[in-house]
K.L.:
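I have a structure here, written as structure tokens, and I will follow up with some questions on it.
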Amino acid sequence: ERLFTGDQVIRVDAQSEEQIKLLQILESEEKWNLDFWRHPVSTELPVDVRVPRSHLGALKEYLNAHSIPFTVMIDDVQELLDQEKAEMRENHIR
Amino acid sequence: QHNTRDFNFGAYHPLETIYSWMDTLVDQHPNLVTKLEIGRSYENRPMYVLKFSTGGTNRPAIWMDLGIHSREWVSQATGVWTANKIATDYDTDASLIAVLKTMDIYMLIVANPDGYVFSHTSDRMWRKTRSPNSGSVCVGVDPNRNWDAGFGGPGASTNPCSETYQGSSAHSEIEVKNIVNLIQSHGNFKSFISVHAYSQLLMYPYGYTCRSAADQAELDSVGRAAVQKLTSLYGTTYKVGNICTIIYQASGGSIDWSYDVGIKYSFAFELRDTGRYGFILPADQIIPTASETWLALKHIMEYVHDHPY
């Protein structure tokens, strides 16, 4: 089973069209292995992206370097999935 | 689950539990609900539609599919709750009685069963189908880029490894083809609603082009009224608009196809997001999500019923 230990989901609030374009460049770069949950399309909608642990540092550097504001929406994806699984197990037993 | 009252609607369930619950629902409401197999998935799982009907033949109908993107678990869970709501409220809800007096409702609760099972067993983040792609190690097609509506245009990928891979040709995915066959052979659907998660949007065509649909003004007004009702329950805010304007240009989507084949009242929902969990919405939010969504769905159904065409 695939694990997501240490993966984070970052919420990015792009402030300008230029920042949206920078995010779209990221989207097209496969080597980053990013999973966009909400795509960069306009400054009116947030962008959510699941980032593998191995690329977290680089992504945050990129965002900081371009002064693109972001927050961490999910600190550790696997932690949430473990909780979800435990809940399902409990429900199944019940 | 011998009685739908024993079923926990506020929990996520594996496919077999949902399928077995469908049988219970049918057993408890034999005069209203039937279960139809509309075909099989790539991995040979049955695709079941719940049909709500009070009789008649080939009545005008409303289509609803949920969970075409398998990882969007709150959508399948909302489907289970909604199907139960229709069955249990049918005796008491005057507007539902009116709708079902002349129309049928078809609900495909798990539109992508292979993906759903895979998201439970192997990869919680799985979105696509599970069909292999020749010449690639990557598996699956985005079933919401595979419809014959601007297929292959902007906003879909030709890369089999992409999460938005369009597939080799329109309707190449058996899961999509099964729905297309049912809709076309029926020929009398008046509304087509696809339910996704998450970003709190109610959308109408088009996605493959940014030009307005002929019925844009009416669809926009129906959508806004539906969302007003949704918001009235918990204050959840939605945006309303056509896919291209409100999210992004995306070709090969289901509601563009349904609209172009003449089903005017075509809508797509993106259900609730607390801004904290995305696709991993905690199970305790299933019932609030489904409850607020129901208000919008009911508004659309009532409108469709009141505006025959």
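So you know, we letter chains A, B, ... as the sequences are listed, proteins then strands, and number each from 1. These values consider heavy atoms only, across backbone and side chains, with no hydrogens, waters or symmetry-generated copies.
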K.L.:
Counting heavy atoms not belonging to B/Gln228, are there more than 12 under 6.0 Å from its CD?
P.N.:
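It does not: B/Gln228 CD has 12 such atoms or fewer within range.
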K.L.:
Can you confirm whether A/Phe4 sits close enough to B/Asp123 that some side-chain heavy atom of one is under 4.5 Å from a side-chain heavy atom of the other?
P.N.:
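A/Phe4 reaches B/Asp123 side chain to side chain.
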K.L.:
Can you find a heavy atom in the side chain of A/His92 that is under 4.5 Å from one in the side chain of B/Pro14?
P.N.:
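Side-chain contact under 4.5 Å: no.
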K.L.:
Do B/Arg124 and A/Arg2 make a side-chain contact, defined as non-hydrogen atoms from C-beta onward lying under 4.5 Å apart?
P.N.:
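Counting from C-beta outward, B/Arg124 and A/Arg2 never come under 4.5 Å.
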K.L.:
Select one option (side chain, backbone, both, neither) describing which atoms of B/Trp126 are under 4.5 Å from chain A's heavy atoms.
P.N.:
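No part of B/Trp126 comes within 4.5 Å of chain A.
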K.L.:
Would you say that A/Gln24 contacts B/Tyr248 through its side chain, given a criterion of any heavy-atom pair below 4.5 Å between the two side chains?
P.N.:
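No - every pair of side-chain heavy atoms lies 4.5 Å or more apart.
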K.L.:
What is the distance from atom CD1 of A/Ile74 to atom OH of B/Tyr277, rounded to the nearest 0.5 Å?
P.N.:
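Rounded to the nearest 0.5 Å, the CD1-OH separation comes out at 8.5 Å.
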K.L.:
Going from CG on A/Leu45 to NZ on B/Lys239, what distance comes out if it is rounded to the nearest 0.5 angstrom?
P.N.:
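Reported value, rounded in 0.5 Å steps: 5.5 Å.
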K.L.:
Has A/Glu18 got more than 12 heavy atoms of other residues, nucleotides or ligands less than 6.0 Å from its CD?
P.N.:
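Check fails, neighbour count at 12 or below.
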K.L.:
Are B/Asp273 and A/Arg11 ion-paired here, with the side-chain N under 4.0 Å from a carboxylate O?
P.N.:
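The answer is yes: the pair qualifies as a salt bridge.
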K.L.:
So do the side chains of B/Asn8 and A/Arg94 get within less than 4.5 Å of each other, counting heavy atoms only?
P.N.:
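Yes, side chains in contact.
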K.L.:
For the CG atom of A/Leu80 and the CZ atom of B/Arg276, what is their distance to the nearest 0.5 Å?
P.N.:
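With rounding to 0.5 Å, CG (A/Leu80) is 9.0 Å from CZ (B/Arg276).
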K.L.:
Can you find a heavy atom in the side chain of B/Ile280 that is under 4.5 Å from one in the side chain of A/Gln83?
P.N.:
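Sidechains of A/Gln83 and B/Ile280: no contact.
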K.L.:
Less than 4.5 Å to any heavy atom of chain A: does that hold for the side chain of B/Ser122, its backbone, both, or neither?
P.N.:
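Only the backbone of B/Ser122 comes within 4.5 Å of chain A.
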K.L.:
Using non-hydrogen atoms only, which part of B/Arg71 is less than 4.5 Å away from chain A: side chain, backbone, both, or neither?
P.N.:
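It is the side chain, since no backbone atom gets that close.
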K.L.:
Are A/Arg38 and B/Tyr198 close enough that some pair of their side-chain heavy atoms sits under 4.5 Å apart?
P.N.:
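Yes, close enough: below the 4.5 Å cut-off.
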K.L.:
For B/Ser162, is it the side chain, the backbone, both or neither that has a heavy atom under 4.5 Å from a heavy atom of chain A?
P.N.:
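B/Ser162 has no heavy atom closer than 4.5 Å to chain A.
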K.L.:
Would you indicate whether the side-chain heavy atoms of B/His13 and A/Asn91 approach each other to under 4.5 Å?
P.N.:
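In contact.
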K.L.:
I'd like to verify something: which residue of A/Glu84, A/Glu30, A/Lys85, A/Glu44 has the highest number of heavy-atom pairs under 4.5 Å with chain B?
P.N.:
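That would be A/Glu84.
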